[in-house]
Structures are given as C-alpha cells and as structure tokens.
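What follows is one structure encoded as structure tokens, with my remarks underneath.
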Amino acid sequence: MPGMTRRRALAASGLTAVAATVPAVPVTAGTARPPARGRIDVHHHAVPREMREWAERQGLIPPGGGPSWADWSLNATLDTMKANGIAAGVASAPIPAEVFQDRAVAASGVRICNESMAGLVRSHPTRFGFFANVAMLHPDLALKQIAYAFDELGADGVLLNTSADGRYLGDPMFDPLFAELDRRGAVVFTHPFAPKGIVTVPGVEDYIGDFLLDTTRTALSLIAAGTLERYRRVSVILSHAGGFLPYIVGRAEGWGREDGGPDPAKIRYALRRFFYDTALPMSPYATPSLLNAVGAGRVLFGTDWPANTAGEVRVNTRDFDRDPGLGDREHRAIGRDNALRLLPRLAARVGR
C-alpha cells in the first residue's frame, strides 16, 4: 500500500453551549498576524503503537510501512504541533464502521483503540485529549463503550462516522446513542468516508468531494430526523467546515418550502447548532460563507494531521493566520477559546 492515501487505504480495507457570534475586528487582506501560540486542534488523528499493532493483525495495514498516516510518530506529531503553535490536539482515529461488523472484533478492537488513546493522554495530559471510538453497528455494545470511555478513560467526546454501512446519523438506529450522549451533555466529532456505493471519478481523490458529500448527507439526515431538536444537549462537530452544508442552506430551505422538507426555520436553527472545524481548510473562498452562515463562535481549529502532511499543515495554518475574513478576536476564538469552552476536561488540564 505504499503511496496510498489514508482515505483510499481505509476504503480498500472494507473498511450546545457556545451560540454567540464573536465580534469581528477586521484585518486588512494579506496582513500577517504574529504566529499564534496555544491553538487547540480538534481534527487531529493519532495511531498509537497498540492501535497500529491491532490494525496490522486485522489486515487493515501492512506490518511496517504502509500509508503515511498509519506510520504515526509521537515525536513527529509534537514537532508539527510546536512548529504551528498547537498547544493540544484532540486525537481521533476514524475507522470505517464496517471493520467492526463482527461483534467480537467490535468489542476488542474499540477497547484497544480507546485505551491506546487514553494512554497517550495520560502520558501527555496537557498536550492531548481524545474522541473515543464506538461500534456504531452494535448500538447496545456502543452504549457500554460510551460509558467506559467517559467514566473510566476520561474521553473528551465520541467519534461517530458520518455513515455506517450506508446509514446516516439521523437513522433511528442511532437514537439510543444520541439519547445517552444527550444525557451526558457530550460532544460528538463526526468524520466522513466516501458514501457507500458511490462511483469513483478517475484521477480525483475521494477526500476532495466525496468526503464532504458524506458530511453534508449526515448533517441533512440529522436535520430531517429532528435529532438536534430532540437531543439538545449534544454538541456535534462537522469536520471539514461542514462539507457543503453552509453553502447549500438556501437550497435546503427551498426543500422545506416546496418539497416536504423540514421547516426553513428549523434548518436555520440546525445550521447554528452544529460546530465546524477549519480542516476544509479555511481560505478566502470558504471563510466568508462559513462565518456568514454560523458565526465565529461555532468554528474550531483543525488540521487533519497526519492525513495532511507537516508541510500541508504549515501552509493551511499560515493561511488561517493571514485570512482577511478573520478579525483578531475571531482568530483567537477559533484557534483556542471555542474549543476550551466546548471541552471542559481538556480545558481543566490545559488551562484557559
């Protein structure tokens, strides 16, 4: 699998509190701020040794080598964080739900993944938090995994794939998970894969468009099902700036007016119920649409390391610092403050 991207390799394996908009202090286009320190990276992947060994045993990645994202290194991670002013990363390990189709694999594999992440946090408590994996295709087992992750391992939230075997997060199958997460006032970090059965486009990587489509699909699924209205204490982060959602809200409102979709007011409400990370990445093209749609108070800094290389993280972080659409207060809110309000366990270790 040398040279394969994270997305293609995994596919081949079968595999509400912050509502106010932060006021803007305009920055002249092209003006560079001094490099920020103390960022909180909520879209930050990790593959600790125990997890990698499990993935090798399952045949998900080859022994040694493989795609660059799987050859994760703590030292390289800390170097990249230092170079980009990242104080802490909230680690996650997206694995297609189909990998956990077998119940025994789901029980053992999720436990290994979560315990290895918890070990990373224990060894570097001010540098990392983590979003726990759960076996989405086994909701009864997932409920036990949620309890273990929060109550024993100290997770900061839960990772849910945008879809699991073709089912999106608004599916009634996931209501028990959302009910428990609502009871806990939990944070859900969503991460996409290519939609099941989608035709590939020759020469175009799936993460460019297909991943964003899957995020958009799950957001619309949650809106159509009324999940966000029923479970108001759950905070949902949409990765990659929400996919296409902020850009197509006007079309979605038309769906409500003309074709039996949710009331447009409910769509607008849901738009500002989600949180969004900057790992689209943010740019002079994307930033205005996202901020006009949801406000800076719903946006969180994210790098997608190490799926994005150190070089790409550097470019995207530099562009974020220079983004003419962000004022100084917006920049700090997105880079640090919003995440610390949303993730109190991490805030208690890192400090505000």
Side-chain angles (χ1 to χ4, degrees), residues 16-24 42-43 157-158 160-163 167-192 212-280 282 286-300 302 325 330 333-334 337-339 341-344:
T16 356
V18 185
T21 300
V22 179
V42 303
H43 194 140
V158 166
L160 295 180
N161 294 341
T162 48
S163 59
R167 296 185 175 188
Y168 287 85
L169 292 182
D171 192 291
M173 174 182 182
F174 303 119
D175 274 354
L177 276 64
F178 276 98
E180 175 60 14
L181 294 167
D182 183 73
R183 186 183 72 82
R184 292 175 175 270
V187 174
V188 172
F189 175 71
T190 65
H191 197 281
L212 306 184
L213 176 60
D214 216 50
T215 295
T216 307
R217 284 182 166 198
T218 216
L220 293 173
S221 171
L222 289 167
I223 294 170
T227 304
L228 300 178
E229 295 177 84
R230 293 196 305 279
Y231 306 115
R232 292 175 179 257
R233 299 184 67 238
V234 177
S235 297
V236 178
I237 303 170
L238 298 177
S239 55
H240 308 118
F244 306 126
L245 182 67
Y247 189 72
I248 64 160
V249 168
R251 189 174 182 89
E253 290 179 0
W255 168 43
R257 287 190 298 269
E258 301 289 338
D259 202 22
D263 185 280
K266 293 184 177 181
I267 294 173
R268 290 190 293 272
Y269 163 80
L271 183 69
R272 286 177 174 260
R273 273 279 281 112
F274 292 116
F275 287 85
Y276 305 78
D277 73 36
T278 64
L280 185 61
M282 297 285 276
T287 302
S289 293
L290 182 60
L291 294 186
N292 285 330
V294 306
R298 310 302 291 190
V299 184
L300 308 163
E330 291 172 308
I334 293 169
D337 294 347
N338 294 342
R341 284 196 295 267
L342 186 63
L343 302 167

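For reference, positions follow the sequence shown, starting with 1. Computed from heavy atoms alone, side chains included, the values below leave out hydrogens, waters and symmetry copies.
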- Message: Quick check for you: to the nearest 0.5 Å, what is the distance between Tyr269 atom OH and Phe274 atom CZ?
- Response: 10.0 Å
- Side-chain donor/acceptor of Arg217 to backbone N/O of Tyr168, under 3.5 Å: no
- Query: Taking the side chain as C-beta and beyond, is there a heavy-atom pair between Leu342 and Phe275 under 4.5 Å?
  - Reply: yes
- Could you pull out all residues at least two apart from Asp175 that satisfy salt bridge (charged side-chain N to carboxylate O under 4.0 Å, His left out)? Arg230
- By side-chain hydrogen bond (donor to acceptor under 3.5 Å, both in side chains) - contacts of Arg167 (at least two apart): none
- Report the residues that fulfil side-chain contact (heavy atoms from CB on, under 4.5 Å) with Pro344, sequence neighbours left out, ordered by chain and then residue number. none
- Task: Can you sort out the partners of Ala279 under side-chain contact (heavy atoms from CB on, under 4.5 Å), two or more places apart, ordered by chain and number?
- Result: His43, His240, Asp277, Asp304
- Query: Measuring from Asp171:CG to Ser163:OG, what's the distance to the nearest 0.5 Å?
  - Reply: 11.0 Å
- Task: Quick one: pull up CG in Leu222 and CG in Leu238 and give me the separation to the nearest 0.5 Å.
- Result: 8.0 Å
- Query: Is it true that a side-chain atom of Arg183 and a backbone atom of Arg233 form a donor plus acceptor pair closer than 3.5 Å?
  - Reply: no
- Item | Any donor-acceptor N/O pair, Asn338 side chain to Leu300 backbone, under 3.5 Å | no
- Note on the structure: CG (Asp182) and CG (Leu177) are apart, to the nearest 0.5 Å, by 12.5 Å
- Message: Within the structure provided, determine whether Val187 and Val236 are in side-chain contact (heavy-atom separation under 4.5 Å).
- Response: no
- Message: Using side-chain contact (heavy atoms from CB on, under 4.5 Å), reason through Leu245 and Tyr276 one step at a time and then give a plain yes or no.
- Response: CA-CA 10 Å; Leu245 182 67; Tyr276 305 78; 3.9 Å; yes
- Message: Within this structure, what is the CD1-CD1 distance for the pair Ile267 and Ile223, rounded to the nearest 0.5 Å?
- Response: 6.5 Å
Side-chain donor-acceptor pairs under 3.5 Å in residues 249-258, sequence neighbours left out?
unit_1, atom_1, unit_2, atom_2, d
Glu253, OE2, Arg268, NH1, 3.3

- Task: Using atom types as modelled and distance alone, determine if a side-chain donor or acceptor of Arg232 lies under 3.5 Å from a backbone N or O of Glu229.
- Result: yes
- Gly261 backbone acceptor or donor facing Asp259 side chain under 3.5 Å: no
- Side-chain donor or acceptor of Ser221 paired with backbone N/O of Gly170 under 3.5 Å: yes
- Residues forming a side-chain contact (heavy atoms from CB on, under 4.5 Å) with Thr287, sequence neighbours excluded: Met282, Leu291, Asp323, Leu326
- Message: Looking at Asn161 and Pro192, would you say the former's side chain and the latter's main chain have a donor-acceptor pair under 3.5 Å?
- Response: no
- With sequence neighbours excluded, residues passing side-chain hydrogen bond (donor to acceptor under 3.5 Å, both in side chains) with Thr190: none
- Task: Decide yes or no for Leu169 and Thr227: does some side-chain heavy atom of the first lie under 4.5 Å from some side-chain heavy atom of the second?
- Result: no
- Task: Determine, step by step, whether Tyr247 and Leu212 satisfy the side-chain contact (heavy atoms from CB on, under 4.5 Å) criterion, reporting the C-alpha distance in whole Å, the side-chain angles of both residues, the deciding distance to 0.1 Å, and the verdict.
- Result: CA-CA 12 Å; Tyr247 189 72; Leu212 306 184; over 6 Å; no
- Task: Please step through side-chain contact (heavy atoms from CB on, under 4.5 Å) for the pair Thr215 and Ser239, ending with a clear verdict.
- Result: CA-CA 7 Å; Thr215 295; Ser239 55; 4.2 Å; yes
- Task: Identify, with sequence neighbours excluded, every residue that meets side-chain contact (heavy atoms from CB on, under 4.5 Å) alongside Thr216.
- Result: Leu220, Phe244, Ile248
- If you take all heavy atoms of Ala293 and Pro246, which pair is closest and at what distance? CB-CB, 4.1 Å
- Would you sort out whether Leu271 and Val294 count as a side-chain contact (heavy atoms from CB on, under 4.5 Å), showing the intermediate values? CA-CA 7 Å; Leu271 183 69; Val294 306; 3.8 Å; yes
- Query: Roughly how far, to the nearest 0.5 Å, is the CG atom of Leu290 from the CG atom of Leu280?
  - Reply: 8.5 Å
- Counterpart residues, side-chain hydrogen bond (donor to acceptor under 3.5 Å, both in side chains), relative to Asp263 (two or more places apart): none
- In chain order, what residues pass the side-chain hydrogen bond (donor to acceptor under 3.5 Å, both in side chains) check against Thr218, with sequence neighbours excluded? none
- Parallel under 30°, tilted from 30 to 60°, perpendicular over 60°: which one fits the rings of His191 and Phe189? tilted
- Note on the structure: When every non-hydrogen atom of Gly325 is compared with those of Glu330, the smallest separation belongs to O-OE1, 3.6 Å
